[in-house]
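All remarks here apply to the structure that follows.
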There are 2 protein chains.
Amino acid sequence: MSGVLHVLLHMAEVDGPVTSETLARMMQTNPVVIRRVMAGLKAAGTVRSDKGHGGGWTLARDLASLTLLDIYHGIGSPPLFAIGNRREAPECAVEQAVNEALDASLDEAEALLLASFGTVTLATLSQNFHRRLAERRAATSSGDRHDH
Amino acid sequence: MSGVLHVLLHMAEVDGPVTSETLARMMQTNPVVIRRVMAGLKAAGTVRSDKGHGGGWTLARDLASLTLLDIYHGIGSPPLFAIGNRREAPECAVEQAVNEALDASLDEAEALLLASFGTVTLATLSQNFHRRLAERRAATSSGDRHDH
DNA sequence: TCTCATGTAACTTTCAATGTTACGAACTAG
DNA sequence: CTAGTTCGTAACATTGAAAGTTACATGAGA
Ligand code: FES
Ligand code: FES
């Protein structure tokens, strides 16, 4: 999640397509890992990929129309919580009671979290990024690009 | 978390102390694993342990006075979310913007979740367990003990 | 004193996430 | 058409954290 958002913000800073190779260097990882995680976003229509010369990854939608919730679903809606239930279909009454109680709390928290995700757009993230950049530039009076 | 609650409910069903060995068999795991996880609860005053003959683990507090929040803190307040931030102290402005946005949502959800945990007592869990047991007994008309 | 049980360190096993290699398919420049 | 580039994906390798295991010391009863 965190990594994907980072990648998307990078893509937003460049006008042309960006290759998996370039993105991988930025994220200090492997091009295949980039492709793997982008696959879901491509299927969701969030990004576009082109092969051959001048190819690479492009944002297919406007930053303002993309929420964290879109991204979360785009990467396959992975489990949100680290403390899940031990067994999926327990016959045991103890397990059932424990699961029922935990699920009640977890489901409530999950609903709030996803709703919260739905209110945050990538445009907001990008604005925050540029604000930080401006503040940093003002503070250090150095060049006009960030270091990496 | 789920496993610890299961253990505690088992202890609530027995009057005397229960050994790590017995609990481990119930949970299909190793006695040392039981002791490891109980260590925090003991330090928190939730359970008591006695060595030697007739020793083992005992609940030190009333079920009604124990909430899921107590248990959560007792086991060391582990990370709740599976989708955390990649780096703790990022110098990079992109990471900072991403972390800020995610943390805002996650902190909100975490607060709700912990508050929710605070409202659920182990007594409630135990009651739910016995209710399920009664329902099951009524449905099957079999003996008066659950199977495992 | 002998047995039982916890406390804990050290080691091993397991398993999922991540990283890597390899190669095929699609695309473009020339 | 050919060569170079890039994605798509399967297969394999590496890594790291969680769980399991072994071993032994400590404390408490019988
Ligand atoms: S396994 Fe513990 S009561 Fe069912
Ligand atoms: S590492 Fe991507 S902008 Fe800093």
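Every chain is numbered from 1, with letters handed out A, B, ... down the list of sequences.
Glu21(B) places none of its side-chain heavy atoms less than 4.5 Å from the side chain of Met26(B). A 4.5 Å side-chain heavy-atom check between Thr119(A) and Leu68(A) finds every atom pair outside the cut-off. Annotation: side chain of Leu113(A) is not in contact with side chain of Leu112(B) (no heavy-atom distance under 4.5 Å). Leu23(B) is listed as a side-chain neighbour of Trp57(B), based on a closest heavy-atom distance under 4.5 Å.
Nucleotides of DNA chain C nearest to Ser20(B) and Arg36(B) differ in position, and the one nearer the 5' end is that of Ser20(B).
Separating the CZ atom of Arg48(A) from the C1' atom of dC7(D) is a distance of 13 Å, rounded to the nearest angstrom. Atom CE in Met27(A) sits roughly 18 Å away from atom P in dA17(C) (whole-Å rounding). At whole-Å resolution of the value, CG in Asn30(A) and P in dA11(D) are 18 Å apart. The CE-P distance, from Met38(A) to dT9(D), rounds to 14 Å in whole Å. In this structure, CD1 of Ile75(A) is placed 10 Å from P of dT18(C), rounded to the nearest angstrom. Across the protein-nucleic acid pair, Ile34(B) atom CD1 and dT21(D) atom P stand 12 Å apart, rounded to whole Å. dA5(C) atom C1' lies 10 Å from atom CH2 of Trp57(B), rounded to whole Å. For the pair Glu21(A) CD and dT20(C) P, the interatomic distance rounds to 12 Å; values are reported in whole Å.
Regarding contacts with the backbone of dG19(C), a side-chain N or O of Thr29(A) is found under 4.0 angstrom from either OP1 or OP2. Taking 4.0 angstrom as the limit, Ser49(A) places none of its side-chain polar atoms (N or O) nearer than this to OP1 or OP2 of dT6(D). At dT6(C), none of the side-chain N or O atoms of Thr19(B) fall inside 4.0 Å of OP1 or OP2 (strictly under the cut-off). In this model, the phosphate group of dG8(D) is approached by a side-chain N or O of Lys42(A) to a distance below 4.0 Å at OP1 or OP2.
Side-chain contact check for Asp70(B) and Thr67(B): at least one donor-acceptor pair (N or O, by modelled atom type) lies under 3.5 Å. Side-chain N/O atoms of His130(A) and Glu13(A) include a donor and acceptor closer than 3.5 Å.
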Go along nucleotides 22-30 of chain C 5' to 3' and tag each nucleotide: B for a protein heavy atom under 4.0 Å from its base, S when only backbone or sugar atoms are that close, - otherwise. ---BBBB--
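Side chain of Tyr72(A) to main chain of Pro78(A): a donor-acceptor pair is present (N/O by atom type, distance under 3.5 Å, no hydrogens or angles).
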